[in-house]
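In what follows, a structure is listed as C-alpha cells, so that the remarks can point back to it.
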Amino acid sequence: MKLSVKEKFGYSLGDTASHFVWDLVGFWLLIFYTDIYGLSPATAGVIMFVGSIWDAVMDPVVGIVSDRTQSRWGKFRPYLLFGSVPYAILAVLAFTTPGFGATGKFAYALITCLLLRTAYAFVNLPYSSLGAVMTDDSTERAGLNTYRFIAAYVGQFVVTGGALYLVKYLGAWGNGGVVDQAQGYQLTVALFGLLSILFFLVAFFTTKERVPAPKKQDNNVLKDFKYLFMNKAWIVLTLVGIVSFIMFAMQNAAIAYYFKYYIHNAENVQLFNILGTVALIVALPLSKPLAKRFGNRMVYIMSSVVSGIFFALIFVAGDNLPLVYVFNILAKMAYAPAVPLLWTMLADVADYGEWKFRRRTTGLCFSASVLAQKLGWAIGAAAAGWLLSATHFVANAELQSDEAMMGIRLLVSIIPGALYASCALIMYFYNIDAATMQTMKTELEQRRLNEQQ
C-alpha cells in the first residue's frame with residue numbers, strides 16, 4: 001500500500017509534537033529538579049526511577065486498550081484527538097515550581113511526573129502503533145518512518161536549540177529584565193505544549209488506518225502476552241530498546257552538567273545539540289536505501305558499532321570543543337540510519353506475530369517495546385543522578401571534585417558509547433530477513449482476502 005507525501009508528512013508531525021514536550025523532559029527535567037526546583041540528585045533520580053515502574057503498569061494497559069478500541073476513526077487515531085490537550089497541560093504542571101516545603105515539593109514532582117507519563121503513554125503509544133496499520137509494505141514503512149524521524153529531529157532541533165533562549169527571554173518577561181528561571185521554564189513548556197496540540201491534530205486529520213486485525217481474533221489478553229513473548233524478533237528489539245535508551249537518557253541527562261561544570265560554558269550545550277540534531281536530519285534519508293541494499297538488521301548492527309565508537313571518543317577530546325563537536329556529529333550521523341529501522345522492524349514484528357500465530361497485537365507489541373525503551377530511559381536518567389551523587393557532585397558549586405568531573409565525563413562518552421555498541425551483539429539474533437518478509441506479506445494478503453469473501 002503506497003502512502004502519499006501528504007499522509008507521510010501529516011503523520012510525521014505527530015512525532016514533532018511528542019518531541020516538543022518530551023525532549024524538554026529528557027534534556028532538562030533532571031537539571032530543572034536539581035538546580036531550579038531544589039531537589040537533591042538522588043531524590044530526582046528516585047522520581048525518574050519510580051516513573052519507570054509506573055510505565056511498567058500503564059504502557060501495556062494502553063496497548064491492550066488501544067488494540068481493542070473500535071471507533072469510526074479506527075483503533076489508534078482517536079487518542080491523538082483526545083489525548084493531546086491533557087498531555088500539554090500536564091507538561092506545564094511538571095515544570096511548575098510550587099511554594100511548598102521539601103516534602104510537598106517531592107510529592108508534587110512525583111505526582112506530576114507520573115501523570116505526565118500517563119498522558120504521554122495515551123497519546124504517543126497509539127501514535128507509534130498507527131504507523132504499522134497505515135500500510136503493510138515494509139519498504140513504505142521505512143519511508144514513512146524516515147519522514148517521521150526527520151520531523152521528530154526537527155522538533156528536537158527546535159527544542160534543544162531554542163529552549164534555553166526561550167527560558168531566558170520568557171523568564172525575564174514582566175520582571176524588569178531579571179530572569180526568573182522557574183517562570184521561564186513554565187512558559188516555555190506552555191508554548192511547546194500548544195504547538196504539540198496543533199501538530200497532533202494535523203496528524204489525526206491526515207492519516208488513515210488500513211491494516212485490520214484478523215476478524216476471528218478473540219479478546220483474550222493472556223493469549224496476547226503468550227504469543228508476544230513467543231515472538232523472538234520482538235524480544236530482540238525489546239532488549240535493544242532497553243540498552244539503547246539507557247544510553248540516550250544517560251548522555252542527554254548528563255550533557256548539561258558536562259557543559260556547565262566541565263566546559264564552564266552552559267550555553268555551549270545548545271550548539272552541541274544543534275549540530276548533533278542537524279547531523280541526524282542530514283543522515284536520516286540514508287536509512288531507506290541502505291536498508292534496501294544491506295537489510296534492516298545489518299544496517300542496525302553497523303550503525304551501533306560505529307556510532308558507539310564515536311560517542312566513546314568524546315572522552316578523548318576532553319575540553320577540546322571543536323573535537324567534541326566533530327565526534328558528536330560523526331556519532332549522530334552513524335546512528336541516524338538505525339533510528340527509523342527500529343520502528344519499521346517493530347511493525348514487521350507485529351505482522352510476523354499475525355503470520356506465525358494468527359494473532360495481531362499491534363498496540364501491545366509497540367507499547368511493550370516502548371515500555372522497555374522508557375524503562376531504559378528511566379534507568380539511564382536515574383543512573384545519571386545516582387552516579388552524580390556517588391561522585392559527590394554539588395549542585396551549583398563552581399568548583400567540583402576530580403571524582404565528580406570524571407563521573408560527568410564518563411556519562412557523556414565511554415559509558416553510553418559502550419552501551420550503544422553492545423546493541424550490535426543483541427541485534428545479531430534478529431530473525432526476520434527479506435525472504436521471510438516476502439513470504440509473510442504474500443500469505444497475509446491471501447488470508448485477508450479470504451476473510452473478506
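Starting from 1, each residue takes its place in the sequence as its number.
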message = salt bridge (Lys or Arg N to Asp or Glu O under 4.0 Å) for R297 and D433? Distances and angles first, verdict last.
response = CA-CA 8 Å; R297 173 176 165 274; D433 57 18; over 6 Å; no

request  = Report yes if the side chains of S4 and E7 come closer than 4.5 Å at any heavy-atom pair, otherwise no.
outcome  = yes

note = For Y325, the ring-ring contact (aromatic ring centres under 6.0 Å, His included) test, sequence neighbours excluded, returns none

query = Is any side-chain heavy atom of N431 closer than 4.5 Å to a side-chain heavy atom of Y352?
reply = yes

Ring centre gap for F229 and W234 strictly below 6.0 Å = yes

remark   = Shortest non-hydrogen pair, L237 vs V349, comes out as CD1-CG2, 3.7 Å

ask   = Any side-chain heavy atom of L144 within less than 4.5 Å of one from W343?
value = no

query = When you check the side-chain N and O atoms of T43 and S40, is any donor under 3.5 Å from an acceptor?
reply = yes

inquiry  = Quick check on the 6.0 Å ring-centre criterion: do Y11 and Y147 meet it?
reply    = no

message = Is it the case that the side chains of S367 and D59 hold a donor-acceptor pair, with the cut-off being a distance below 3.5 Å and no angle test?
response = no

task = Mind listing the closest non-hydrogen atom pair of A334 and V306 along with its distance?
result = CB-CG1, 3.7 Å

task = Would you confirm whether N124, through its side chain, and Y120, through its main-chain N or O, come within 3.5 Å as a donor-acceptor pair?
result = no

key: CE (M405) with more than 12 external heavy atoms under 6.0 Å   = yes

task = Could you walk me through whether F20 and F199 pass the ring pair (Phe, Tyr, Trp, His ring centres under 6.0 Å) test, one step at a time?
result = CA-CA 10 Å; F20 271 167; F199 285 5; 5.7 Å; yes

message = Going by ring-ring contact (aromatic ring centres under 6.0 Å, His included), name the pairs with one or both residues in residues 290-314, residues two or more places apart or in two chains.
response = none

request  = Apply the test ring pair (Phe, Tyr, Trp, His ring centres under 6.0 Å) to residues Y127 and F76: give CA-CA distance (whole Å), side-chain angles for both, the deciding distance (0.1 Å), then the verdict.
outcome  = CA-CA 7 Å; Y127 167 77; F76 306 116; over 10 Å; no

ask   = In Å and rounded to the nearest 0.5 Å, what is the CD1 to CG distance from I414 to L419?
value = 11.5 Å

task = Kindly write out the residues that satisfy side-chain hydrogen bond (donor to acceptor under 3.5 Å, both in side chains) with D15, not counting sequence neighbours, or none if the list is empty.
result = R148

ask   = Does the side-chain hydrogen bond (donor to acceptor under 3.5 Å, both in side chains) test come out yes or no for N145 and T344, once each step is laid out?
value = CA-CA 7 Å; N145 283 310; T344 299; 3.1 Å; yes

message = Any non-hydrogen side-chain atom of F122 less than 4.5 Å from a side-chain atom of M58?
response = yes

message = Quick check: do M134 and T207 have side-chain heavy atoms less than 4.5 Å from each other?
response = yes

Qualifying side-chain hydrogen bond (donor to acceptor under 3.5 Å, both in side chains) pairs, either residue in residues 92-109, two or more places apart = T96-Q186

message = Which residues pass the ring-ring contact (aromatic ring centres under 6.0 Å, His included) test with F366, not counting sequence neighbours?
response = none

ask   = Is it true that the NZ or CZ of R409 lies under 6.0 Å from the centre of F315's six-membered ring and within 45 degrees of the ring axis?
value = yes

ask   = Tell me the ring-ring contact (aromatic ring centres under 6.0 Å, His included) pairs involving residues 235-271, sequence neighbours left out?
value = F245-F248, F248-Y335, F248-Y420, Y257-F393, Y258-Y262, F259-F272, Y261-F393

message = Ignoring hydrogens, what is the shortest heavy-atom contact between V299 and P337? Give both atom names and the distance.
response = CG1-CB, 4.1 Å

